Undergrad: 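Provided herewith is a single structure, encoded as structure tokens, for subsequent inquiry.
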There are 2 protein chains.
Amino acid sequence: MTKIDDVARLAGVSTATVSRALRGLPTVSAATRRRVLAAAEQLQYAVSPNASRLAGGKTGTVAIVVPRITRWFFGTVVESVEDFLDQNGYDLLLYNLGGREQTRQRVLRTASLHKRVDAIILVATPLRPADVTALTKLALPGVTISSGSGVPGWPCVRIDDVAAARTATRHLLDLGHTRIAHISGDPDDELAFTTHLDRRHGYQEELRADGIPTDPSLDVESQFTIDGGIRATAELLARGEPPTAIFAACDEMAMGAMTALRDAGLRVPQDVSVIGIDDHDLAGVLGLSTVAQPAAEQGLLAARILLDPLGVRTADPYPGLVPPTGDADGDSPTPPVILPTRLVVRESTAPPRAH
Amino acid sequence: MTKIDDVARLAGVSTATVSRALRGLPTVSAATRRRVLAAAEQLQYAVSPNASRLAGGKTGTVAIVVPRITRWFFGTVVESVEDFLDQNGYDLLLYNLGGREQTRQRVLRTASLHKRVDAIILVATPLRPADVTALTKLALPGVTISSGSGVPGWPCVRIDDVAAARTATRHLLDLGHTRIAHISGDPDDELAFTTHLDRRHGYQEELRADGIPTDPSLDVESQFTIDGGIRATAELLARGEPPTAIFAACDEMAMGAMTALRDAGLRVPQDVSVIGIDDHDLAGVLGLSTVAQPAAEQGLLAARILLDPLGVRTADPYPGLVPPTGDADGDSPTPPVILPTRLVVRESTAPPRAH
DNA sequence: CTGAAAGCGCTTACAG
DNA sequence: CTGAAAGCGCTTACAG
């Protein structure tokens, strides 16, 4: 392996100068820089990240923690974050919790992150008080994406889950539905995090706005997955007269609902309307009406906010949005950056059949 | 930050002993090890990966290169690889090419990987001769997943794409179809890689086995995506009389086909049968018949094969399978490890309508 | 079984 | 603008 000394020798300068020239520091003459670059090129030199990081005190790496990379929202967020980091010369260290409590502990509670990364992106990761304490002690910059417990001083990028749920419910109400069921995550579902609470809240609020009492028998908790949607819908149907519409807390659950309804011989939307939240890649294929949330944009924005203080020259990190004004050191909680959602009507929602 | 010296001082031993004790080396007395562990625990000590790697010459990191993390197959592979690596103490460095030629070059052609990782997993990544040369010069252990150009000395884990395509085509033939269209990737589609060639080959072979001539007008090239499937199917329909069945080279294309057929007023499977390859998470939701391939298993197996020579104690890396027998240094090409596929019949395939 | 010392390959004040 | 030297926090022969 060619090392910095080799380049220095070939270019006829010191290693310090090679280091400066290669990193584009301004304190190198143009002629010297040229010679160094030529030498590095000729020797196919690549810096040793470990040596560089040890000496420089920066890791050039960002950690991203997600519950499950294979879920649409998390995969899309990771892709956009990776893209941005890559273009800015950062490595991405992926932690896919996958429901493994042991992994969660190891990642969040130990100092392992501290010496390994410059910054952290936490996506929809449930945090216990001990986790928050540990993360705060790390004293690393971080961002959270999606709702739930935050870390003091860390900005948060998210959508307004209550409003998104209200939009979905309003769409069904406007179509004339009154027997509207809700299927959502349960307290043990780490994929649902606290998201399901906000979405249930929005659902109930919107029903009340129309004077429709919430009916517990139309509200089923399950997992934030296709299977969860199938199970919740089966449970719903087992309880008696089917609702005329189902608002699923996420598209994957909505897809499960469509599956369960089909298996029960019910047609969508003729017998039952279905709407979700997300605008999953496959929502169009299934003709699923939904409230679209910008997943890639949330990832990109989070990455920008994170790298900005690290000296990465990025364009306006808050394009047209309300920036978090709190100072990272202060006690005032940083207000979240809210990205907009939007109703997408497809074929899975229609007026209820006349009696 | 607490460092190794702090632990050594508290435990009353040298840093060398702390290093040995913490890594579980056998040359430490039980009593000493206990004291060291207690001191490390008390100080919340975590080793600095960069210092450790620089001094030890190992990175404890594996790179995985995928075309697009958001595609079902690649996301599933990454998840299973991450899981296995995590359990064995390795970090995962994610490179999502995302069609960026620049990223491809940087990742594959420079020595940047060399000093950064101990091993490489390449998933369905097209390799030019210059890439292969560069990777070979790295002299790092590696594995490729999925078909295509291999790297000399690297094992390959994959399915038999020709056989999978024959299985899909055979299913349609057995149902009585003779006008069977094929939609697949084009040469410029980096997601299709060389996979589409094998699958087309299997399609044609199986037709010929029944004495059915291949009809170029029933064979459309597009992208290995939902949109690609939509476009290919639209093109197919624009060419005249529709086929009675479509064999899509992957489930995402099949889903696009279902969408395009629906938009054209054609019913699946009454008017046109559709089958894919993959067994995508959502295949069940859509009632899509397919030839299932084990994505997570391919990732797991690749990770095992890779870590085995690195001294990770894993169970039999080839459970019941033909192991690659070639030696890594020899010139003899390592035979690929082939994982089985299996036909999954759902609602998207049926006999053609009687005329 | 344990320690002193060298060294991993860089970057960073400090001088000049 | 450039270089000599120290130092980043570990691990690894080498002795004992």
Side-chain angles (χ1 to χ4, degrees), chain A residues 1-37 39-40 43-61 89 91 110-118 311, chain B residues 1-37 39-40 43-61 89 91 110-118 311:
Chain A
M1 268 295 88
T2 114
K3 48 178 77 165
I4 200 171
D5 310 71
D6 302 321
V7 179
R9 206 170 308 118
L10 181 58
V13 296
S14 70
T15 61
T17 296
V18 173
S19 174
R20 294 183 189 112
L22 256 28
R23 281 177 299 148
L25 297 192
T27 61
V28 179
S29 77
T32 303
R33 187 185 308 278
R34 258 196 307 279
R35 261 188 303 142
V36 170
L37 290 177
L43 296 175
Q44 293 260 53
Y45 172 74
V47 70
S48 158
N50 291 319
S52 169
R53 289 164 184 182
L54 178 58
K58 309 222 159 294
T59 68
T61 304
D91 279 343
T110 74
S112 82
L113 276 178
H114 189 358
K115 298 178 175 174
R116 209 178 288 269
V117 301
D118 294 333
Chain B
M1 267 295 87
T2 113
K3 46 178 78 163
I4 200 171
D5 310 71
D6 302 321
V7 179
R9 205 171 308 118
L10 181 58
V13 295
S14 71
T15 60
T17 297
V18 172
S19 174
R20 294 183 189 113
L22 256 28
R23 282 176 298 146
L25 296 192
T27 61
V28 180
S29 76
T32 304
R33 187 186 308 279
R34 258 195 307 278
R35 262 188 302 143
V36 171
L37 290 178
L43 296 175
Q44 293 261 53
Y45 171 75
V47 71
S48 158
N50 292 319
S52 169
R53 290 164 184 181
L54 179 57
K58 308 222 158 296
T59 68
T61 304
D91 279 344
T110 74
S112 84
L113 276 179
H114 189 359
K115 299 177 174 174
R116 209 177 288 268
V117 301
D118 294 333

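Letters go in sequence order (proteins before strands), and every chain restarts at 1. Quick caveat, the model's predicted, so the values are computed rather than measured.
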Undergrad: Does a nitrogen or oxygen in the side chain of B:Ser14 sit under 4.0 Å from OP1 or OP2 of C:dA4?
TA: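 Result: no.
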
Undergrad: Between A:Thr32 and D:dT2, does any side-chain N or O lie under 4.0 Å from OP1 or OP2?
TA: yes

Undergrad: For a quick test of reading the model: is some side-chain N or O of A:Thr27 closer than 4.0 Å to OP1 or OP2 of D:dC1?
TA: no

Undergrad: Do A:Val47 and A:Arg23 have side-chain heavy atoms sitting under 4.5 Å apart?
TA: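 Heavy-atom side-chain distance check fails, nothing below 4.5 Å.
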
Undergrad: Tell me if a side-chain donor or acceptor on A:Thr27 pairs with a main-chain N or O of A:Leu25 at a distance below 3.5 Å.
TA: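 The answer is no, because no donor-acceptor pair under 3.5 Å joins these two groups.
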
Undergrad: Round to the nearest Å and state the distance from A:Asn50 atom CG to C:dT11 atom C1'.
TA: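 In whole Å, C:dT11 C1' and A:Asn50 CG are 14 Å from each other.
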
Undergrad: Give a yes/no answer on whether the side chain of A:Ser29 brings an N or O atom under 4.0 Å of OP1 or OP2 in D:dT2.
TA: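 True: A:Ser29 side-chain N/O within range (under 4.0 Å) of D:dT2 OP1/OP2.
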
Undergrad: For B:Arg9 and C:dG3, what is the distance between atoms CZ and P respectively, to the nearest whole Å?
TA: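 Spelled out: CZ on B:Arg9 to P on C:dG3 is 14 Å.
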
Undergrad: How about A:Lys3 and A:Asp6: do any of their side-chain heavy atoms sit closer than 4.5 Å?
TA: yes

Undergrad: Measure CZ/A:Arg35 against C1'/D:dG3 and give the value in whole Å, please.
TA: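 Rounded to whole Å, this separation is 13 Å.
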
Undergrad: Does a side-chain N or O from A:Ser19 land closer than 4.0 Å to OP1 or OP2 of C:dC10, or not?
TA: no

Undergrad: May I have the distance from B:Arg34 (atom CZ) to C:dT2 (atom P), rounded to whole angstrom?
TA: 12 Å

Undergrad: Determine, step by step, whether B:Thr15 and B:Asp5 satisfy the side-chain hydrogen bond (donor to acceptor under 3.5 Å, both in side chains) criterion, reporting the C-alpha distance in whole Å, the side-chain angles of both residues, the deciding distance to 0.1 Å, and the verdict.
TA: CA-CA 6 Å; B:Thr15 60; B:Asp5 310 71; 5.7 Å; no

Undergrad: Any side-chain N or O of B:Thr15 less than 4.0 Å from the OP1 or OP2 oxygen of D:dG9?
TA: no

Undergrad: Can you tell which of D:dG3, C:dT2, C:dG9 lies closest to the side chain of A:Leu54?
TA: C:dG9

Undergrad: Quick one: look up who C:dG3 pairs with, Watson-Crick or G-U, both distances under 3.5 Å, and put none if it's unpaired.
TA: D:dC14

Undergrad: Rounded to whole Å, how long is the line connecting atom CG of B:Asp5 with atom P of C:dG3?
TA: 13 Å

Undergrad: Any chance you could measure B:Asp91, atom CG, to A:Thr61, atom OG1, to the nearest 0.5 Å?
TA: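 Rounded to the nearest 0.5 Å, the CG-OG1 separation comes to 9.0 Å.
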
Undergrad: With a cut-off of less than 4.0 Å, is there a side-chain N or O of A:Lys115 near OP1 or OP2 of D:dC8?
TA: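 No, A:Lys115 has no side-chain N/O under 4.0 Å of OP1/OP2 on D:dC8.
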
Undergrad: For the pair made of CZ in A:Arg116 and C1' in D:dG9, what is the distance, rounded to whole Å?
TA: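 My rounded result for the distance is 14 Å.
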
Undergrad: Name the closest nucleotide to the B:Arg20 side chain, picking from D:dT2, D:dC10, D:dC14.
TA: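 My answer, after comparing the listed nucleotides, is D:dC14.
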
Undergrad: Checking all strands, does B:Pro26 fall into the base, sugar-phosphate, or nothing category for heavy-atom contacts under 4.0 angstrom?
TA: sugar-phosphate

Undergrad: Look at B:Arg23 and D:dT12 and indicate whether a side-chain polar atom (N or O) is within less than 4.0 Å of OP1 or OP2.
TA: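 For D:dT12, OP1/OP2 do have a side-chain N/O of B:Arg23 under 4.0 Å.
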
Undergrad: Would you kindly compare B:Val13 and A:Lys3 by the position of their nearest DNA chain C nucleotide and give the one closer to the 5′ end?
TA: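 On the 5' side of the pair lies B:Val13.
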
Undergrad: Under 4.0 Å from OP1 or OP2 of D:dG9: is there any side-chain N or O of B:Tyr45 that close?
TA: no

Undergrad: Between B:Leu25 and B:Ser48, who's closer to the 5' end of DNA chain D by nearest nucleotide?
TA: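 Checking each residue's closest nucleotide, the 5'-ward one belongs to B:Ser48.
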
Undergrad: Of the nucleotides D:dC1, D:dC8, D:dT11, which has the atom closest to the A:Ala55 side chain?
TA: D:dC8

Undergrad: Please state how far atom CD1 in B:Ile4 lies from atom P in C:dA5, giving the value in whole angstrom units.
TA: 17 Å

Undergrad: Between A:Ala51 and B:Gly56, just flag the one whose closest nucleotide in DNA chain D comes earlier from the 5' side.
TA: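 Counting from the 5' end, the first nearest nucleotide belongs to A:Ala51.
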
Undergrad: Taking all non-hydrogen atoms of both residues into account, name the closest pair between A:Ala40 and A:Leu22 and its distance.
TA: CB-CD1, 4.2 Å

Undergrad: Within the 4.0 Å heavy-atom criterion, would you say B:Arg53 contacts the bases, only the backbone, or no part of the nucleic acid?
TA: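 Result for B:Arg53 = nothing.
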
Undergrad: Just how far, in rounded Å, is C1' of C:dG9 from CG of A:Leu43?
TA: 15 Å

